[in-house]
Amino acid sequence: MNSPNQPLPTFDEVLLCTPQTTAEQVGLFLRRCLIPCSGGEKIYTMLYADELSYDVSCKAEELFQCLQHYNSPYRLIILCNCEREHSYIPSVFSQYKVHMIPQRPLAEIRQYLQHHYRVAQPSSSAASVFKDNMCVGIVSSKRAGVGK
């Protein structure tokens, strides 16, 4: 986010973890990250890794240890909820833990995201629904189950 021209992460650089995420999905992601290839200088990110099941987390740690034998440089960020810091993955990688607070003002973050998510040529797409021809948006309600 140092420059508006820097691209957003691609689909292969991010793994959004849930309790239903499988060991196979995590394994594929870790192999992409840790096995040297001509993929360039990507930054891989596991989001909500604390939500992985215990079995999947154990397999992920085991695979991570095996793949580190390649001794290739990698850039991996594991984001977890600070309220679940005692779950398996945050505990295993606790020696590398860094408490993060966004360093950019919210307005600057919004501007960066708007730059990347704005549809250049408005057409009859979902972008016409959201403010300023954005191709993504957040719809929320204080009342549950009102057809969002």
Side-chain angles (χ1 to χ4, degrees), residues 1-104 106 108-120 123 125-130 133-141 143-148:
M1 206 184 105
N2 293 328
S3 157
N5 298 326
Q6 284 182 308
L8 291 170
T10 58
F11 71 94
D12 64 328
E13 294 176 85
V14 179
L15 178 65
L16 179 61
C17 301
T18 68
Q20 291 76 35
T21 302
T22 66
E24 181 181 8
Q25 291 170 317
V26 175
L28 290 170
F29 179 78
L30 289 175
R31 283 181 180 87
R32 243 182 278 148
C33 173
L34 299 171
I35 294 177
C37 66
S38 60
E41 295 292 319
K42 293 184 174 186
I43 300 174
Y44 293 90
T45 307
M46 288 179 69
L47 298 170
Y48 304 117
D50 53 294
E51 301 239 350
L52 294 172
S53 70
Y54 181 79
D55 291 338
V56 171
S57 296
C58 289
K59 290 177 183 175
E61 179 202 7
E62 185 179 308
L63 180 61
F64 181 84
Q65 299 301 334
C66 290
L67 293 176
Q68 275 197 313
H69 295 294
Y70 281 100
N71 289 326
S72 65
Y74 62 89
R75 298 191 295 182
L76 174 63
I77 298 169
I78 301 174
L79 295 173
C80 299
N81 184 338
C82 65
E83 294 174 4
R84 295 179 41 97
E85 67 183 339
H86 299 296
S87 60
Y88 193 88
I89 292 290
S91 296
V92 167
F93 293 98
S94 64
Q95 66 202 31
Y96 306 106
K97 183 178 2 181
V98 176
H99 290 279
M100 263 305 283
I101 297 173
Q103 300 297 310
R104 304 283 183 165
L106 182 58
E108 197 172 317
I109 294 170
R110 280 187 180 145
Q111 185 178 12
Y112 173 80
L113 292 173
Q114 285 176 347
H115 173 76
H116 287 285
Y117 286 121
R118 182 168 286 122
V119 175
S123 63
S125 70
S128 62
V129 174
F130 296 113
N133 291 317
M134 303 302 286
C135 62
V136 296
I138 297 175
V139 178
S140 65
S141 173
R143 295 181 10 211
V146 291
K148 294 183 281 299

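Keep in mind that what you see is a predicted model, and the values were worked out from it rather than measured.
With rounding to the nearest 0.5 angstrom, the CD atom of Gln25 is 10.0 Å from the CD atom of Gln20. Between the CD1 atom in Ile89 and the CZ atom in Phe64 there is a gap of 9.5 Å [rounded to 0.5 Å]. Atom CG of residue Leu15 and atom CG of residue Leu28 lie 9.5 Å apart, to the nearest 0.5 angstrom. If you take CZ on Arg75 and CD1 on Ile43, they are separated by 4.0 Å, rounding to the nearest 0.5 Å. Here the straight-line distance linking atom OH of Tyr44 with atom CG of Leu30 works out to 11.0 Å at 0.5 Å rounding.
Across all their heavy atoms, Glu85 and Pro90 have their closest contact at O-CB, 3.3 Å.
Residues Tyr96 and Ile78 fail the side-chain proximity criterion, which asks for heavy atoms closer than 4.5 Å.
Counting only residues at least two apart or on different chains, the salt bridge (Lys or Arg N to Asp or Glu O under 4.0 Å) pairs with a member in residues 10-33 are Asp12-Lys42. The side-chain hydrogen bond (donor to acceptor under 3.5 Å, both in side chains) analysis of residues 60-69, with sequence neighbours excluded, yields the pairs Glu61-Tyr88, Gln68-Tyr74.
In this view, Leu79 and Thr45, Leu47, Ile77 satisfy the side-chain contact (heavy atoms from CB on, under 4.5 Å) rule, not counting sequence neighbours. Every residue was checked against the side-chain contact (heavy atoms from CB on, under 4.5 Å) condition with Ser91, not counting sequence neighbours, and none meets it.
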Side-chain donor-acceptor pairs under 3.5 Å in residues 48-57, sequence neighbours left out?
residue : atom : partner : partner atom : Å
Asp50   : OD1  : Asn81   : N            : 3.2
Asp50   : OD2  : Arg84   : NE           : 2.9
Ser53   : OG   : Val56   : N            : 3.3
Ser57   : OG   : Ser53   : O            : 2.9

